[in-house]
Amino acid sequence: MTWNDLIRRPDSQKVYQVEIEMARDNGGIETHTLRLITRGHDPDKTAHYYEPRISGIPSFTIEMQEARYGQSAISFGSLEIVNTDGKLDTYATGWTWLGRPVVVKLGFPELSSDQYETVFTGRIADVDFDDNYISLGIEDYQGDLWNKHRTAGDYSGTIPTLVSACLTGAGITNIDTTAWNAWAAANGFSAWYRAGGEESISTILDDILVPLACWYTFDRTGTFIIGTMLAPSGTPDLSIRDAEIVNDTPGEMLKQYWKVGVRYLTSTGDNPEYATTSREDSSILTLNPTAQETVKESCLTVAAQAQTVRDRWWALRSVPRTIIRPCVMAQASALRLGHQVELSGRSRYSQNGLWRVTGLNEDWDNSQTTLGLFR
């Protein structure tokens, strides 16, 4: 049986491998990969020995901030390492845990180790230990963007140029080029940004990207992904039948806009000047007296490009939009943020049809994933 066959069975025996790249200064930087697992391996099915000391694996969540986009919510959790015999005490001193890379892979006793799939890549964020356990807080690489800063100065160029410089400054080189090229083609706008030097890379990226309805995150393998939030259209990446949904599907209606404005720069420098391009429909207020108006503060410098972004927001939020959160059977390995899902057999609330993925909460132990779906 294949990995995809086994993950779809809730009764399958899950095996998690954890690889932690530790480091110490031993007259020069020395690294060591600590390999741990939740249960013993068949020695013939692995090239490395993984000590069976992992007792707890978290579920992992990746989710857009639907109201503002920009950075997705950081995926994090806690790994529990059994150390009742004290054999890992030697790593408690001298070796660096914090900030070190960690990879979690999922497999099954029937498979060889090289057939395991990566379900999380990130860093160790904190370490707690007692006589029985070492508890590791782990987070994905978005933490890198919070911990690094851009040099103070004025920056101009296209949006992709500004974003690329931020990623370079944060040491982010593993980028999904297919996603990047599609995003860059849709967002090649001229812009100007003044960095004070105290802002994190993540703050700067949010300042640049949130007004454009763009989002960014890191996937399970630690690859940077960026995209533009658009209403679903075209061909689905995956079809899900009603029989694959394992519980009720909670949903929410998003706030609707009756007026959208995008503020852009008409001059740059010490005393920048701005103008606003807006679009409105007062009849929306007649239908929905609580509909909102908003102005997106962009760093764009060309009026026509600001109008393009204004129309993007108008298409997104001038009509009623909904997010639903179905829990489905083990489809997550085929999906990531921005993908499109087609639901069938969901006649209640007219849920059949095409949806865009805005969230993935992956419960691998139960072979279930709760999706955030937008349309």
Side-chain angles (χ1 to χ4, degrees), residues 61-76 122 125 139-172 175-176 179-180 183-184 186-219 222-230 254-255 257 260-265 268 272 274 276 292 294-301 305-306 308-310 312-313 316-317 336-338 356 358-359 372 374:
T61 299
I62 306 173
E63 188 149 13
M64 292 182 195
Q65 309 287 350
E66 295 100 354
R68 58 189 298 272
Y69 310 113
Q71 179 176 226
S72 75
I74 292 179
S75 182
F76 64 93
E139 64 182 17
D140 67 24
Y141 282 130
Q142 291 192 92
D144 287 12
L145 301 178
W146 281 110
N147 294 327
K148 298 184 180 180
H149 297 73
R150 188 84 190 271
T151 304
D154 294 349
Y155 298 92
S156 61
T158 65
I159 291 290
T161 298
L162 297 184
V163 173
S164 179
C166 285
L167 297 179
T168 298
I172 305 299
I175 299 170
D176 184 314
W180 175 273
W183 169 81
N187 295 278
F189 308 128
S190 299
W192 178 86
Y193 186 86
R194 170 165 287 178
E198 71 282 356
E199 309 97 330
S200 68
I201 295 292
S202 185
T203 296
I204 295 174
L205 288 179
D206 278 355
D207 287 347
I208 294 171
L209 296 176
V210 168
L212 309 184
C214 296
W215 55 269
Y216 59 98
T217 190
F218 290 82
D219 71 8
T223 302
F224 179 83
I225 304 174
I226 191 167
T228 306
M229 186 60 184
L230 302 170
L254 300 181
K255 294 289 187 181
Y257 293 151
V260 172
V262 173
R263 199 165 180 243
Y264 62 97
L265 290 146
T268 60
Y274 297 85
T276 300
Q292 299 176 322
T294 183
V295 175
K296 307 297 180 181
E297 302 282 346
S298 79
C299 60
L300 301 177
T301 58
Q305 294 173 355
T308 297
V309 173
R310 174 205 65 192
R312 175 185 296 173
W313 279 107
L316 272 176
R317 302 298 292 276
R336 69 183 190 188
L337 296 191
R356 189 171 297 281
T358 63
F374 165 94

Residue pair [X] / [Y], side-chain heavy-atom distance below 4.5 Å:
X      : Y      : value
Leu212 : Arg312 : yes
Trp180 : Ile226 : yes
Thr308 : Phe189 : yes

Quiz item: Going by atom types only, do Thr268 and Asp154 share a side-chain donor-acceptor pair under 3.5 Å?
Solution: no
Quiz item: Can a donor-acceptor pair be found between the side chains of Tyr216 and Asp206 at a distance below 3.5 Å?
Solution: yes
How long is the gap from [atom1] on [X] to [atom2] on [Y], to the nearest 0.5 Å?
X      : Y      : atom1 : atom2 : answer
Met229 : Leu337 : CE    : CG    : 9.5 Å
Leu167 : Leu162 : CG    : CG    : 11.0 Å
Leu205 : Trp146 : CG    : CH2   : 10.0 Å
Ile225 : Ile175 : CD1   : CD1   : 11.5 Å
Tyr264 : Ser298 : OH    : OG    : 9.5 Å
Leu265 : Tyr193 : CG    : OH    : 12.0 Å

Practice problem: Name the orientation class of the two ring planes belonging to Phe224 and Phe218 (parallel below 30°, tilted from 30 to 60°, perpendicular beyond 60°). | Solution: perpendicular
State, to 0.1 Å, how close [X] and [Y] come at their nearest heavy-atom pair, and which atoms those are.
X      : Y      : value
Tyr141 : Gly122 : OH-O, 3.6 Å
Ala152 : Gly196 : CB-O, 3.4 Å
Pro211 : Glu297 : CG-O, 3.2 Å
Val210 : Trp313 : O-CZ2, 3.3 Å
Thr228 : Ala186 : OG1-CB, 4.2 Å

Report yes or no: does [X] contribute a side-chain atom to a donor-acceptor pair with the main-chain N or O of [Y] at less than 3.5 Å?
X      : Y      : result
Arg310 : Val260 : no
Arg356 : Gly338 : yes
Ser200 : His149 : no
Arg150 : Glu199 : no
Trp183 : Pro160 : no

Practice problem: Assess whether side-chain contact (heavy atoms from CB on, under 4.5 Å) is satisfied between Ile172 and Cys166, documenting all intermediate values. | Solution: CA-CA 9 Å; Ile172 305 299; Cys166 285; over 6 Å; no
Practice problem: Using the side-chain contact (heavy atoms from CB on, under 4.5 Å) rule, take Asn187 and Cys214 through it: C-alpha gap first, then chi angles, then the decisive distance, then the call. | Solution: CA-CA 9 Å; Asn187 295 278; Cys214 296; 3.5 Å; yes
Practice problem: Quick one: do Asp144 and Ile201 satisfy side-chain contact (heavy atoms from CB on, under 4.5 Å)? Show the steps, please. | Solution: CA-CA 9 Å; Asp144 287 12; Ile201 295 292; over 6 Å; no
Quiz item: Checking side-chain contact (heavy atoms from CB on, under 4.5 Å) for the pair Thr223/Arg336: CA distance, chi angles, key distance, verdict?
Solution: CA-CA 12 Å; Thr223 302; Arg336 69 183 190 188; over 6 Å; no
Practice problem: Can you spot which of Ser156, Ser190, Pro272 makes a side chain to side chain contact (heavy atoms under 4.5 Å, CB included) with Thr301? | Solution: Ser190
